[in-house]
Number of protein chains: 2
Amino acid sequence: MNSDTYQLDETDRRILLALDADPRVPIMMLAQQLGLARGTVQSRLERLANSGALRPNTARILPAAMGRGVSAFVSAELDQARLNEAIAGLRQIPEVLECVAPAGDTDLLIRVAATDPDDLYRVSEEIRLCPGITRTSTSMILRDVIPFRTTELLKKLSGEKH
Amino acid sequence: MNSDTYQLDETDRRILLALDADPRVPIMMLAQQLGLARGTVQSRLERLANSGALRPNTARILPAAMGRGVSAFVSAELDQARLNEAIAGLRQIPEVLECVAPAGDTDLLIRVAATDPDDLYRVSEEIRLCPGITRTSTSMILRDVIPFRTTELLKKLSGEKH
DNA sequence: GGAGATACTGGTCATTTTGACTAAAATCTA
DNA sequence: TAGATTTTAGTCAAAATGACCAGTATCTCC
């Protein structure tokens with residue numbers, strides 16, 4: 001784990017949780033709602049923004065809202081010596097939303113979004129053509145059962161000893 | 001695809017992209033930066049917030065910032081008749097960040113976060129114990145190669161015919 | 001146990017932003 | 001082309017912002 005990652009503390013978490021309910025509350029409201037001084041919340045927010053603990057804002061956009069209602073996982077095997085080339089290639093494909101390296105026989109697991117199955121085919125072809133990628137296997141996502149969230153985890157942390 | 005999803009238009013996308021560079025710009029700055037009237041940006045933002053096109057704010061938090069530096073995919077097979085029970089169970093596990101139903105032999109693919117490998121084991125046990133889940137297989141994520149993003153897709157759309 | 005660093009409070013200030021409204025112009029669409 | 005929807009550009013009073021400050025509380029490490 002990246003232990004140099006900024007660790008949220010209880011106050012950060014409370015702010016974030018409150019912000020979730022209403023992302024545009026003025027800092028003053030937020031402060032009195034949380035029982036903190038305005039300056040505190042203000043500096044916390046500033047710190048949070050620079051902490052690297054948050055993804056960019058656009059990561060909140062649901063692909064479906066961009067007409068990309070079809071998503072899939074593409075697992076790729078690759079010539080390990082060319083890993084960096086492959087990553088660089090993937091990075092340039094806009095439809096590649098995310099990519100992780102799991103333990104096991106799949107070298108890379110790639111999350112993609114497409115307009116329709118045809119488009120999905122095109123995208124997976126594009127992935128297959130990335131340098132170093134030897135084979136891929138695509139598995140369409142039929143249903144988004146639990147959309148990405150951290151709320152529950154955040155709440156759990158707030159319940160623990162601080 | 002959920003075709004009742006609100007579809008972002010070019011203006012929405014430009015706003016979102018600009019907001020990415022600086023999430024707290026005042027609306028006025030944003031407006032003049034984009035060459036739009038303030039009222040336009042204001043109403044767009046309001047609409048966006050209610051459109052359901054965005055995940056909650058807390059979805060931006062990186063698990064590592066919550067001390068959950070270890071993530072994994074857990075694939076689960078289940079008694080299909082008890083799908084809803086299983087989902088309800090999963091929903092209650094804070095460490096379950098996301099869950100999708102892919103085509104193929106895996107019934108559910110679950111994204112989890114944990115503090116360390118031991119904790120990961122505990123979480124996967126908890127998943128295994130969900131009603132309806134018959135077997136699971138956990139694969140740890142070794143590296144976050146491309147963290148979730150939509151920026152590139154957003155930019156691509158803006159380059160197309162509007 | 002204490003010194004120093006760091007964070008929080010509660011206060012002020014001038015400047016900007018906000019939200020809520022207009023009416024008119026521009027754009028879209030059936 | 002007529003009607004509906006958006007956008008513009010403007011006003012207003014009320015409120016929020018960012019930048020201060022000194023005093024206090026809390027942490028941390030020797």
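We name chains A, B, ... by the order of the sequence lines, and we start the count at 1 in each one.
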Enquirer: Pick the closest DNA chain C nucleotide for B:Val25 and for A:Gly39 by heavy atoms, then say which residue is nearer the 5' end.
Expert: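 In this pair, the answer is A:Gly39.
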Enquirer: Would you kindly compare B:Arg24 and B:Thr11 by the position of their nearest DNA chain D nucleotide and give the one closer to the 5′ end?
Expert: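 Looking at DNA chain D, the more 5' nearest nucleotide goes with B:Thr11.
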Enquirer: Consider the side chain of B:Gln42, meaning its heavy atoms from C-beta on, and name the nucleotide among C:dA20, C:dG10, D:dT6 that approaches it most closely.
Expert: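 Minimum distance to the B:Gln42 side chain belongs to C:dA20.
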Enquirer: Kindly give the heavy-atom pair with the smallest separation between A:Glu77 and A:Asp105, and that separation in Å.
Expert: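 The answer is CG-O, 3.9 Å.
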Enquirer: Can you tell me the distance, in whole Å, between the CD atom of B:Glu46 and the C1' atom of C:dG19?
Expert: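 So the two atoms are 9 Å apart, to the nearest Å.
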Enquirer: From CD1 of A:Ile27 over to P of C:dG10, roughly how many Å is that when rounded to an integer?
Expert: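 Value for this atom pair: 17 Å.
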Enquirer: Using whole Å, report how far CG of A:Asp22 lies from C1' of D:dA16.
Expert: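 Computing the A:Asp22:CG to D:dA16:C1' distance gives 14 Å.
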Enquirer: If you take atom types as modelled and just measure distance, does the side chain of B:Arg38 reach the base of C:dG19 with a donor-acceptor pair under 3.5 Å?
Expert: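 Checked by distance alone, the answer is yes.
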Enquirer: Relative to the 5' end of DNA chain C, which residue comes earlier, B:Met29 or A:Thr40, by the nucleotide with the nearest heavy atom?
Expert: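 Comparing both residues, the 5'-ward one is A:Thr40.
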Enquirer: Indicate yes or no: at least one non-hydrogen side-chain atom of A:Arg68 is less than 4.5 angstrom from one of A:Thr115.
Expert: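 They are in contact (side-chain heavy atoms under 4.5 Å apart), so the answer is yes.
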Enquirer: Calculate the interatomic distance between A:Arg47 atom CZ and D:dG18 atom C1'; express it in whole Å.
Expert: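 Between C1' of D:dG18 and CZ of A:Arg47: 18 Å.
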Enquirer: Using atom CG of A:Asp9 as one end and atom P of D:dT28 as the other, report the distance to the nearest whole Å.
Expert: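 In whole Å, D:dT28 P and A:Asp9 CG are 11 Å from each other.
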Enquirer: The side chain of A:Met28 is closest to which nucleotide in this list: D:dT17, C:dA7, C:dA20?
Expert: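 Closest nucleotide among those given: D:dT17.
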Enquirer: Output the rounded distance in Å from CD (A:Gln32) to P (D:dA15).
Expert: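 The distance from CD of A:Gln32 to P of D:dA15 comes to 12 Å, rounded to the nearest Å.
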Enquirer: Tell me if a side-chain donor or acceptor on A:Ser75 pairs with a main-chain N or O of A:Ser137 at a distance below 3.5 Å.
Expert: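 Checking the backbone N and O of A:Ser137 against the side chain of A:Ser75, a donor-acceptor pair under 3.5 Å is found.
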Enquirer: C:dA7, OP1 or OP2 - any side-chain N/O from A:Arg44 closer than 4.0 Å?
Expert: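 Answer is no, no contact under 4.0 Å.
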Enquirer: Let's see if you can work this out: which of C:dC8, D:dT8, D:dT11 has an atom nearest to the side-chain heavy atoms of B:Leu36?
Expert: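 When the side chain of B:Leu36 is considered, D:dT8 is the closest of C:dC8, D:dT8, D:dT11.
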Enquirer: Rounded off to whole Å, could you give me the CG-to-P distance for the A:Leu30 and D:dA15 pair?
Expert: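 After rounding, the reported distance stands at 18 Å.
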Enquirer: Here's a test for you: under side chain to side chain contact (heavy atoms under 4.5 Å, CB included), which of B:Val96, B:Ile141, B:Val100 qualifies with B:Arg111?
Expert: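 Result for side chain to side chain contact (heavy atoms under 4.5 Å, CB included) with B:Arg111: B:Ile141.
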Enquirer: Just to verify, which of B:Leu90, B:Val74, B:Ile87 counts as forming a side chain to side chain contact (heavy atoms under 4.5 Å, CB included) with B:Cys99?
Expert: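 Of all the options given, the one that passes is B:Leu90.
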Enquirer: Can you figure out which of D:dT8, D:dA16, C:dT18 approaches the side chain of B:Ala37 most closely?
Expert: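 Minimum distance to the B:Ala37 side chain belongs to D:dT8.
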